[in-house]
Amino acid sequence: MKKLVVLALSLMASLSTFAGPQNDDNGFGLKFFAGLHGDKYGRVEDVTYSKDYPNASPTLGFAIDNRWYVANPGKVGIAINARWFDFSYARVKHKLAQYTSKTKFFDTNFLGIGAIGTYYLDDKSCVDLYYNIMPNVMVVATENDVNDDSSCSFGFGASHRVGAAYRFKVFQAGFEIKGGKLGYQDWGDDVSDFMVGKKIRTGSFRIFLGFKF
């Protein structure tokens with residue numbers, strides 16, 4: 001996965017070379033989203049969970065990005081998209097006979113690269129279609145209310161986003177599908193060799209509101 005980080009950094013450094021002259025629709029974007037997911041979110045594949053283990057809450061988060069148009073926006077524009085940071089949070093509470101465990105999911109993505117295609121409806125509104133790939137770290141933190149014992153596990157890999165947005169002036173609204181499975185890492189103190197290399201699911205369907213300046 002180190003190659004992914006190196007590739008992302010190289011692409012960010014070369015954006016000024018490929019972006020060409022600035023156009024009217026270049027700019028900064030901010031999205032606030034809620035994500036819906038299945039019962040496998042945050043779980044490790046090939047590990048058996050009890051049938052009464054509840055699903056994680058919907059994810060809540062935000063993302064920031066920039067775009068540079070490489071084709072002059074007319075009716076159609078094509079842009080390079082750098083998604084600098086993408087963070088989401090979810091949690092789950094599991095009540096057992098003797099104690100209650102609480103698990104929090106911190107899903108952090110950074111230095112992503114992608115492309116945007118824009119179709120201009122008029123001078124004030126347009127539709128964007130886009131794709132991004134990002135290095136992705138997920139931290140799963142678990143604690144219980146008996147002895148305050150806590151543990152963290154980690155996943156690392158790449159995640160993908162395919163989405164669409166409607167923009168009116170500086171406002172934008174839309175949806176995106178986040179996909180990707182992260183490799184379980186041996187960064188914790190008590191990680192079993194059995195777990196290393198297994199996959200953690202991070203996919204969700206996101207609905208967002210935001211701004212594009």
Side-chain angles (χ1 to χ4, degrees), residues 1 4 30-65 83-112 131-165 173-192 194-210:
M1 291 297 104
L4 279 173
L30 179 62
K31 296 180 176 73
F32 299 96
F33 57 81
L36 306 176
H37 51 74
D39 59 0
K40 302 298 184 182
Y41 179 84
R43 299 189 186 184
V44 181
E45 289 187 338
D46 302 324
V47 172
T48 301
Y49 292 79
S50 63
K51 293 182 179 180
D52 63 343
Y53 191 87
N55 296 340
S57 66
T59 63
L60 297 174
F62 69 96
I64 55 176
D65 70 344
R83 184 173 289 203
W84 304 113
F85 191 71
D86 183 319
F87 174 81
S88 64
Y89 168 81
R91 60 186 175 83
V92 63
K93 180 187 291 187
H94 188 200
K95 293 185 178 180
L96 300 170
Q98 298 178 342
Y99 65 92
T100 298
S101 69
K102 298 178 182 179
T103 301
K104 299 176 182 178
F105 304 91
F106 302 94
D107 190 0
T108 304
N109 309 256
F110 49 91
L111 296 179
Y131 167 80
N132 288 99
I133 182 171
M134 301 187 73
N136 190 170
V137 176
M138 176 176 273
V139 180
V140 182
T142 302
E143 60 182 16
N144 67 64
D145 59 2
V146 174
N147 53 14
D148 293 327
D149 187 28
S150 62
S151 63
C152 284
S153 56
F154 303 87
F156 179 68
S159 58
H160 309 264
R161 288 149 193 78
V162 177
F175 67 89
E176 65 181 32
I177 298 171
K178 177 180 185 283
K181 298 178 182 180
L182 309 182
Y184 198 100
Q185 304 297 313
D186 59 353
W187 300 341
D189 294 332
D190 301 315
V191 175
S192 168
F194 167 75
M195 299 291 285
V196 176
K198 292 187 178 297
K199 300 296 184 181
I200 301 175
R201 293 178 178 266
T202 66
S204 63
F205 176 82
R206 298 165 156 189
I207 301 170
F208 64 81
L209 297 172

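We're numbering straight along the sequence, starting at 1. Small disclaimer: the values here were computed from a predicted structure and weren't measured.
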- Not counting sequence neighbours, which residues clear salt bridge (Lys or Arg N to Asp or Glu O under 4.0 Å) with K104? List them please. none

- Check: Q185 side chain, G183 main-chain N or O, donor-acceptor pair, under 3.5 Å: yes

- Task: Could you tell me which non-hydrogen atom of S88 sits nearest to which non-hydrogen atom of F33, and how far apart they are?
- Result: CB-CE1, 3.8 Å

- Query: So do the side chains of K181 and T202 get within less than 4.5 Å of each other, counting heavy atoms only?
  - Reply: no

- Item | Spacing of R201 atom CZ and K40 atom NZ [to the nearest 0.5 Å] | 7.0 Å

Counting only pairs under 3.5 Å, give me each side-chain donor-acceptor contact of residues 131-138, with atom names and distances, residues two or more places apart or in other chains.
unit_1 : atom_1 : unit_2 : atom_2 : d
Y131   : OH     : H160   : ND1    : 2.6
N132   : ND2    : N81    : OD1    : 3.0
N136   : OD1    : S159   : OG     : 3.2
N136   : OD1    : K178   : NZ     : 3.1
N136   : ND2    : D107   : OD1    : 2.7
N136   : ND2    : T108   : O      : 3.2
N136   : ND2    : N109   : OD1    : 3.1

- Return the minimal non-hydrogen interatomic distance between L60 and A34, and the atom names on each side. CD2-CB, 3.9 Å

- Message: Under the rule for ring-ring contact (aromatic ring centres under 6.0 Å, His included), what residues qualify as partners of F62, not counting sequence neighbours?
- Response: F85

- Walk me through it: do D65 and K31 pass the test side chain to side chain contact (heavy atoms under 4.5 Å, CB included)? CA-CA 9 Å; D65 70 344; K31 296 180 176 73; 3.8 Å; yes

- Item | Side chain proximity check, R43 to V92, heavy atoms < 4.5 angstrom | no

- Could you go through the side chain to side chain contact (heavy atoms under 4.5 Å, CB included) check for F32 and L209 one step at a time? CA-CA 5 Å; F32 299 96; L209 297 172; 5.6 Å; no

- Item | ring-ring contact (aromatic ring centres under 6.0 Å, His included) partners of Y41, counting only residues at least two apart | H37, F105

- Message: Run the ring-ring contact (aromatic ring centres under 6.0 Å, His included) test against F87 and tell me which residues pass, sequence neighbours left out.
- Response: none

- Item | Heavy-atom check, side chain of I64 versus side chain of W84, under 4.5 Å | yes

- Message: Regarding R91 and E143, does a basic nitrogen lie under 4.0 Å from an acidic carboxylate oxygen?
- Response: no

- Message: Side chains of T142 and S151 only: does a donor on one sit below 3.5 Å from an acceptor on the other?
- Response: no

- Atom pair OG1/CG of T59 and L36 - distance to nearest 0.5 Å: 7.5 Å

- Message: List the residues meeting salt bridge (Lys or Arg N to Asp or Glu O under 4.0 Å) with R161, not counting sequence neighbours, and say none if there are none.
- Response: D86

- Message: Are V140 and F154 packed together at the side-chain level, in the sense that at least one heavy-atom pair is separated by less than 4.5 angstrom?
- Response: no

- Item | Centroid-centroid under 6.0 Å between Y89 and F106 rings | yes

- Of all heavy-atom pairs between C152 and A141, which one has the smallest distance, and what is that distance? SG-CB, 3.9 Å

